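Presented below is the structure to which this report refers.
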Amino acid sequence: MENLFSFKDEELFFHHSLDPVPQPSAFVAHTHDMFELYYCISGSGVFHVEGNAYPLRDGMLMLMRPTESHYTEIDPAHPYHRMALHFRQELLPSDSSDILLRPFLLREDGQYNAYLPQDFADDTYRRLLHNMVRPTEHVRMQILINLAPLLFEVERAAAARIQDAAAVPTTAIYRIIRYINEHLFEELTLDAVCDRFFISRSQLCRSFKHATGSTVWKYVQTKRLIAAKEQIGHGAAATDAAVACGFHDYSAFYRAYQKAFGTPPIRTKNAPQ
């Protein structure tokens, strides 16, 4: 992979990358605690989000909110050129963040993630993205200056598109994933899910892996850990957050949390009380 541009701190992560010969094994399912804008410049494959599949298109913009699981099923026969911007809500102006984040938040997981060039009034969204990688000594400021107007362009496109769109069709595996998310912190077993949706265990595991790039248990555990991290960040005790997010063995939760985030589940000093 050629890293053409990158910037990272605790609130912002941006990268501009090119794989002349992409390796499918390098693109694994992941879930994170930041908002993401992904821009496909060129490439061939399918972008999977929470059980829904979006064929890659040049100029396509993808939106993922925190905890939405996603991965790229890439075609190695074509170069893969893209940008990805991860950010936290705190970076947005407080008086406009609710409006700018509507396309991320006012929808179900895995729906209305993809926007094509024809969904936008013009090429402003592309120009704003490319402005972020222009040479400058003030990289962070340059990204932030372009972020709010970019989100405004997305909000305009989303408002027009969702208003005119018919109901989004759903697949069986999408309905299963939605059910798992609705009961994420409850006692979940593969057998119970299989019985509810009249599907065999092997078929469920195979379909789930293809749709999400993850096993059912890893998917559930990752989402529970991110939810617990958020609760701890807002002042909850680690033991309370673990129980609230579906972990009944604190020592197992502690080990999983430290492995996932590289730090123990301890409330920070500046967390709100």
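Since we're looking at a predicted model, the values are computed, not measured.
- Residues I41 and M83 have side chains in contact (heavy-atom distance under 4.5 Å, counting atoms from C-beta outward).
- With rounding to the nearest 0.5 angstrom, the CD atom of Q89 is 10.0 Å from the OG atom of S94.
- Within the 4.5 Å cutoff, side-chain heavy atoms of P117 are placed close to those of R126.
- A pairwise comparison of heavy atoms in P103 and E155 identifies CG-CA, 3.6 Å as the closest pair.
- Put simply, the side chain of D249 gets close to the backbone of A252: a donor and an acceptor are under 3.5 Å apart.
- The CG atom of L18 sits 7.0 Å away from the OG atom of S42 when rounded to the nearest 0.5 Å.
- Closest approach of A121 to R156, counting heavy atoms only: CB-NH2, 4.5 Å.
- In this structure, H15 has its ring center closer than 6.0 angstrom to the ring center of F13.
- Taking 4.5 Å as the limit, every side-chain heavy atom of R255 sits out of range of all side-chain heavy atoms of K259.
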### Query
Which is it for H81 and H16 under the side-chain contact (heavy atoms from CB on, under 4.5 Å) test, yes or no, and what are the steps along the way?
CA-CA 8 Å; H81 190 189; H16 178 199; 2.7 Å; yes

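- Nearest heavy atoms, Y125 versus G59: OH-O, 2.7 Å.
- Of the possible polar contacts, none joining the H210 side chain to the R206 backbone as a donor-acceptor pair under 3.5 Å is found.
- In this structure the side chain of D19 reaches within 4.5 angstrom of the side chain of R82, judged on heavy atoms.
- Within a 6.0 Å radius of CZ in F185, more than 12 heavy atoms belonging to other residues, nucleotides or ligands are found.
- Counted by atom type alone, N52 and Y112 present zero donor-acceptor pairs between their side chains at under 3.5 Å.
- Note: F197 and Y179 have perpendicular aromatic rings, judged against thresholds of 30 and 60 degrees for the angle between ring planes.
- T212 and S69 make their closest contact through O-OG, 4.0 Å (heavy atoms, listed as atom of the first residue, atom of the second, distance).
- Atom CD1 of residue I176 and atom SG of residue C194 lie 7.5 Å apart, to the nearest 0.5 angstrom.
- Hydrophobic clustering (side-chain heavy atoms under 4.5 Å, transitive across Ile, Leu, Val, Met, Phe, Trp, Tyr) groups L37 together with L105.
- Atom CD1 of I226 and atom CZ of F261 lie 5.5 Å apart (nearest 0.5 Å).
- Note that NE2 of H130 is 3.5 Å distant from OH of Y39, once rounded to the nearest 0.5 Å.
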### Task
Please step through side-chain contact (heavy atoms from CB on, under 4.5 Å) for the pair I232 and I266, ending with a clear verdict.
CA-CA 7 Å; I232 293 169; I266 300 172; over 6 Å; no

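- Pairing each heavy atom of I143 with each of M132, the nearest pair is O-CE, 3.9 Å.
- At distances below 3.5 Å, not a single donor-acceptor pair connects side-chain atoms of S97 with backbone N or O atoms of L92.
- Following chains of ILVMFWY side-chain contacts shorter than 4.5 Å, one can reach L91 starting from V133, so the two form part of one hydrophobic cluster.
- Side-chain N or O atoms of R88 include one that pairs as donor or acceptor with a backbone N or O of E10 at under 3.5 Å.
- Contact check on E50 versus R65 returns no salt bridge, with no Lys/Arg side-chain nitrogen under 4.0 Å from an Asp/Glu carboxylate oxygen.
- Hydrophobic clustering, defined by side-chain heavy atoms of Ile, Leu, Val, Met, Phe, Trp and Tyr closer than 4.5 Å, leaves V21 isolated from every other such residue.
- Grouping Ile, Leu, Val, Met, Phe, Trp and Tyr by side-chain contacts under 4.5 Å, direct or through others, leaves V243 on its own.
- Between Y254 and Y257, the ring centre distance reaches or exceeds 6.0 Å.
- When only modelled atom types and interatomic distance are considered, H70 and H30 share a side-chain donor-acceptor pair under 3.5 Å.
- Separating the CZ atom in F104 from the CD atom in E36 is a distance of 9.0 Å, to the nearest 0.5 Å.
- Under the 4.5 Å side-chain heavy-atom criterion for grouping Ile, Leu, Val, Met, Phe, Trp and Tyr, I99 is not connected to F87 through any hydrophobic cluster.
- The shortest non-hydrogen separation linking A256 to L225 is O-CD1, 3.9 Å.
- Residues T124 and D122 bring a donor and an acceptor atom of their side chains to less than 3.5 Å of each other.
- Residue E68 is tested with D109, L63, N181 for a side-chain contact (heavy atoms from CB on, under 4.5 Å); the sole match is D109.
- Cluster annotation: M34 is not connected to L100 through the hydrophobic network of ILVMFWY side chains, with a link wherever side-chain heavy atoms come within less than 4.5 Å.
- In this structure, the side chains of P24 and E73 stay at 4.5 Å or more apart for every pair of heavy atoms.
- Two residues are said to be in side-chain contact when any heavy atoms from C-beta on lie closer than 4.5 Å; E2 and P20 meet this criterion.
- Residues Y219 and Y174 fall into different hydrophobic clusters, defined by Ile, Leu, Val, Met, Phe, Trp and Tyr side chains chained together at heavy-atom separations under 4.5 Å.
- In the hydrophobic clustering, M62 connects to F27, Y38, F47, V49, Y54, L56, M60, M64, I74, Y80, L116, either directly or through intervening members, whenever side-chain heavy atoms lie under 4.5 Å apart.
- The shortest distance between side-chain heavy atoms of V193 and V216 does not fall below 4.5 Å.
- Using a 4.5 Å heavy-atom threshold, the side chains of H86 and D33 count as separate.
- Listed for the Q142 side chain is a donor-acceptor partner under 3.5 Å among the backbone atoms of N131.
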### Task
Any chance you could lay out the side-chain contact (heavy atoms from CB on, under 4.5 Å) test for H183 and L188, step after step, and finish with the verdict?
CA-CA 8 Å; H183 301 273; L188 282 170; 4.2 Å; yes

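- With respect to the salt-bridge test (charged N to carboxylate O, under 4.0 angstrom), the residues E11 and R140 qualify.
- Using bins of under 30°, 30° to 60° and over 60° for the plane-to-plane angle, the ring pair Y71/H48 lands in the parallel bin.
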#### Entry: Verdict with reasoning, L129 to N146, per side-chain contact (heavy atoms from CB on, under 4.5 Å)
CA-CA 7 Å; L129 282 159; N146 288 280; over 6 Å; no

